[in-house]
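Below: one structure, written as structure tokens.
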Amino acid sequence: MKIKQFIPVLAFWALGSSAAYATTVGFSQVGSESGWRTSFSEAVKAEAKERGIDLKFSDAQQKQENQIKAVRSFIAQGVDAIIVAPVVETGWTPVLKEAKRARIPVVIVDRNIKVSNDNLYLTRIASDFREEGVKIANWLMDTTQGNCRIAELQGTVGATAAIDRAAGFNDVIANYPNATIVRSQTGEFTRAKGKEVMESFLKSQPADEPFCAVWSHNDEMALGAVQAIKEAGLKPGIDILVVAVDGVPDYFKAMAEGDTNATVELSPYLGAPSFDVIEKYLAGDKNIPKLISTTGDVFTQATAAEEYKKRANR
Ligand code: GYE
């Protein structure tokens with residue numbers, strides 16, 4: 001074979017072999033139940049593309065059994081690492097033991113898991129959900145001088161974000177004898193269910209005991225509640241204050257329009273820290289903390305219009 005003929009073969013081999021050695025990561029995502037979740041998924045995909053990581057993405061449609069199937073599939077494919085955003089906290093030990101036996105590192109992102117041995121996962125990257133509940137409750141107590149009859153839209157039952165946000169919020173209002181949660185039910189983190197539950201709250205609440213505020217574990221359900229409040233002939237953001245967590249663009253838009261009052265931002269950019277820790281581990285650096293936490297600020301109507309502009313075009 002003449003040298004000229006050999007070069008393309010060599011180039012093909014080099015390209016082929018380098019492509020064969022791209023890091024492959026399996027990502028089991030909860031679903032697409034909220035604007036925040038969708039932004040989170042898009043950010044992870046964009047980051048993987050940016051880094052040349054071969055990402056295997058699975059949307060579990062909020063069902064744990066789909067997540068477990070996806071993790072087993074990633075193990076069978078022999079991926080280099082697995083990222084799991086767990087829909088609920090329990091039920092993970094068996095499949096994480098299978099990943100451990102396959103020597104595939106697992107990174108937990110967003111919500112937490114309860115496992116027998118925290119060596120079953122490499123690290124967790126997440127916000128302090130309890131702190132988010134504390135921050136938004138403090139804003140509401142300051143705004144109402146601690147006098148508030150509250151309707152609560154809980155997140156998914158068994159999800160860390162719902163458990164911990166409620167705990168933080170409740171710890172704050174326990175210090176205010178005239179601040180009480182009088183209605184509470186899960187809206188499953190979705191806009192449709194949030195609207196449905198708020199409609200039922202408004203129908204059943206005695207007219208002489210009106211709600212002062214609705215506290216929603218995420219922006220998505222709060223936006224559903226805003227629709228229900230309007231359809232009941234009331235002014236959201238005025239007759240009934242609306243407070244939540246996530247900081248999605250639609251919520252900033254509603255704040256700028258006066259329909260919602262405050263939120264705590266939850267960064268959807270969890271791809272970069274996840275891939276950083278995976279690349280660090282695969283390079284042989286085992287010095288990795290068990291928790292890498294992110295934090296978010298409280299945002300109100302005062303800056304909503306400019307903050308919306310920043311986020312709407314991202
Ligand atoms: O607040 C919500 C999503 O787990 C913190 O899940 C996350 C929550 C987030 O459905 O929008």
Side-chain angles (χ1 to χ4, degrees), residues 27-44 58-64 66-67 83-92 107-114 124-137 152-169 185-197 214-226 242-255 260 262-271 273-274 291-299 311:
F27 176 28
S28 170
Q29 175 61 293
V30 166
S32 52
E33 73 284 359
S34 71
W36 178 84
R37 181 73 54 194
T38 306
S39 298
F40 170 15
S41 296
E42 285 163 9
V44 171
S58 162
D59 173 332
Q61 294 165 352
Q62 296 209 83
K63 292 184 175 64
Q64 184 178 32
N66 290 342
Q67 290 203 276
I83 300 173
V84 178
V87 60
V88 292
E89 295 189 331
T90 54
W92 295 101
V107 172
I108 303 297
V109 287
D110 181 23
R111 302 173 190 175
N112 204 353
I113 57 174
K114 284 195 186 337
R124 175 174 174 241
I125 298 167
S127 174
D128 182 336
F129 301 131
R130 189 191 166 286
E131 192 52 34
E132 292 166 337
V134 166
K135 285 177 179 175
I136 203 68
E152 179 185 36
L153 296 173
Q154 298 171 22
T156 302
V157 176
T160 317
I163 296 165
D164 290 2
R165 284 173 181 165
F169 189 95
Q185 188 178 328
T186 181
E188 296 166 10
F189 281 132
T190 68
R191 195 174 302 199
K193 192 74 179 164
K195 180 184 179 195
E196 183 188 311
V197 172
V214 54
W215 149 228
S216 175
H217 292 185
N218 80 334
D219 291 355
E220 210 66 38
M221 295 187 291
L223 292 169
V226 162
V242 182
V243 298
V245 182
D246 275 353
V248 297
D250 282 355
Y251 193 89
F252 277 101
K253 183 168 183 289
M255 269 202 293
T260 60
T263 189
V264 180
E265 185 173 39
L266 171 68
S267 170
Y269 301 106
L270 300 174
S274 300
L291 175 65
I292 299 168
S293 61
T294 62
T295 56
D297 295 327
V298 177
F299 288 88
R311 288 158 175 77

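Counting from 1, the numbers follow the sequence of the chain as shown. Note that these values count all heavy atoms, side chains included, but never hydrogens, waters or copies made by symmetry. When a ligand or atom number is given, it counts from 1 through the structure's own listing order.
- Under the side-chain hydrogen bond (donor to acceptor under 3.5 Å, both in side chains) rule, Asp110 has a single partner from Arg124, Arg37, Gln29, which is Arg37.
- By the criterion of a heavy-atom distance under 4.0 Å, the side chain of Arg165, and not its backbone, is placed next to ligand 1.
- The residue among Thr38, Thr156, Asp246, Val87 with a heavy atom at the shortest distance from atom 11 (O) of ligand 1 is Asp246.
- Among all protein heavy atoms, the one lying closest to atom 4 (O) of ligand 1 is Arg111 NE, 2.7 Å.
- Counting the atoms of ligand 1 from 1 in the order shown, those under 4.0 Å from a heavy atom of Phe129 are 5 (C).
- Glu33 OE2, 2.5 Å is the protein heavy atom nearest to atom 10 (O) of ligand 1.
- Heavy-atom neighbours of Lys195 NZ from other residues, nucleotides or ligands within 6.0 Å: above the threshold of 12.
- Side-chain atoms of Tyr251 come within 3.5 Å of backbone atoms of Ala262 as a donor-acceptor pair (strictly under, hydrogens ignored).
- At least one side-chain heavy atom of Gln62 sits under 4.5 Å from a side-chain heavy atom of Val30.
- Against a heavy-atom cut-off of under 4.0 Å, Ser34 is close to the following atoms of ligand 1: 2 (C), 3 (C), 10 (O), 11 (O).
- Using a 4.0 Å cut-off between charged side-chain N and carboxylate O, Lys135 and Glu132 make no salt bridge.
- Of the candidates Asp219, Asn218, Asp250, Asp250 is the only one forming a side-chain hydrogen bond (donor to acceptor under 3.5 Å, both in side chains) with Arg191.
- Shortest contact from atom 7 (C) of ligand 1 to any protein heavy atom: Asp110 OD1, 3.2 Å.
- Between the side chains of Thr160 and Glu89, at least one donor-acceptor pair of N or O atoms lies under 3.5 Å.
- Listed by number with element, the atoms of ligand 1 under 4.0 angstrom from any heavy atom of Asn218 are 1 (O), 2 (C), 11 (O).
- For ligand 1 and Phe189, the ligand atoms under 4.0 Å from any heavy atom of the residue are 2 (C), 10 (O).
- Considering CG of Leu153 and CD of Glu220, their distance stands at 12.0 Å, rounded to 0.5 Å.
- Atom numbering of ligand 1 starts at 1 in the shown order; those under 4.0 Å from a heavy atom of Trp36 are 7 (C), 9 (C), 11 (O).
- Between Val248 and Ser39 the shortest side-chain heavy-atom distance does not fall below 4.5 Å.
- Assignment of Leu266 to the shell around ligand 1 is supported, since a heavy atom sits closer than 4.0 Å.
- Those atoms of ligand 1 that come under 4.0 Å of a heavy atom in Ala161, given as number and element, are 4 (O), 5 (C).
- Within the 4.0 Å heavy-atom cutoff, Glu220 does not count among the residues contacting ligand 1.
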